[in-house]
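The residues of the chain are indexed from 1 along the displayed sequence. All values below come from the heavy atoms of this structure, side chains included, with hydrogens, waters and symmetry mates left out.
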Amino acid sequence: MEQESDPRLARCMQILSVIGDLWTLAVVMTLQKSEMRFNELQRAIPRVNAVTLTSRLKKLEEAGIVSRTVESRGRQSTVYALTPIGERLLPIVDAIRAVALDLEGSGDAPL
């Protein structure tokens with residue numbers, strides 16, 4: 001007997017495929033503070049390289065989580081910010097941060 005799949009589960013899996021990796025989470029956590037230019041983001045996220053950051057920003061922009069605005073004040077620059085949908089992820093990001101800090105404090109943190 002074949003079971004019907006739950007469309008809500010499929011949608012959750014789809015969004016987790018976008019936000020469920022280390023660098024994507026780091027981008028969302030960093031943009032929580034304020035909008036940033038690419039170089040500011042790269043400096044704020046330890047060990048991220050330009051190729052990975054570019055890839056994650058594009059993926060988040062396509063998913064509607066991050067907005068990209070090109071500004072031309074003298075020199076052209078691109079600014080990234082969380083969209084309203086991206087901001088809805090912040091309670092989840094805060095919960096992950098709290099668990100990480102709790103694990104670190106308890107000595108049970110994974111390597």
Report task. Mind running side-chain contact (heavy atoms from CB on, under 4.5 Å) on Glu62 and Val18 for me, showing each step along the way? Result -> CA-CA 10 Å; Glu62 288 170 355; Val18 173; over 6 Å; no
Requested in this report: Decide yes or no for Asp21 and Arg56: does some side-chain heavy atom of the first lie under 4.5 Å from some side-chain heavy atom of the second?
Outcome: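 In contact.
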Query raised in the report: Are the side chains of Val48 and Val27 in touch, meaning some heavy atoms are under 4.5 Å apart?
Result: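 When only atoms from C-beta onward are counted, Val27 and Val48 do not touch, as no gap falls below 4.5 Å.
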Query raised in the report: Within the distance-only criterion (no hydrogens, no angle test), does the side chain of Thr30 pair as donor or acceptor with the backbone N or O of Ala26 below 3.5 angstrom?
Result: yes
Query raised in the report: Taking Thr54 for the side chain and Ala50 for the main chain, is one N or O donor matched with an acceptor at less than 3.5 Å?
Result: yes
Query - Same apolar cluster (I L V M F W Y, side chains within < 4.5 Å links), Leu16/Leu22 - result: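 Both belong to a single hydrophobic cluster.
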**Report entry** Hydrophobic cluster identity match, Leu103 and Leu25, side-chain contacts under 4.5 Å
**Finding:**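 Unlinked, Leu103 and Leu25 end up in two clusters.
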Gap between atom [atom2] of [Y] and atom [atom1] of [X] - 0.5 Å precision:
X: Lys59; Y: Ile19; atom1: NZ; atom2: CD1; value: 10.5 Å
X: Leu53; Y: Phe38; atom1: CG; atom2: CZ; value: 4.0 Å
X: Ile96; Y: Leu101; atom1: CD1; atom2: CG; value: 12.0 Å

Query raised in the report: Tell me the side-chain hydrogen bond (donor to acceptor under 3.5 Å, both in side chains) pairs involving residues 40-50, sequence neighbours left out?
Result: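 side-chain hydrogen bond (donor to acceptor under 3.5 Å, both in side chains) check on residues 40-50 returns Asn49-Thr52.
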For residues 78-94, run the donor-acceptor check on the side chains, cut-off 3.5 Å, and write out each pair with its distance to 0.1 Å, sequence neighbours left out.
unit_1 : atom_1 : unit_2 : atom_2 : d
Thr83  : OG1    : Gly64  : O      : 2.5
Thr83  : OG1    : Ile65  : O      : 3.2
Thr83  : OG1    : Ile85  : N      : 3.3
Thr83  : OG1    : Gly86  : N      : 3.1
Asp94  : OD1    : Gln32  : NE2    : 3.1
Asp94  : OD1    : Arg97  : NH1    : 2.9

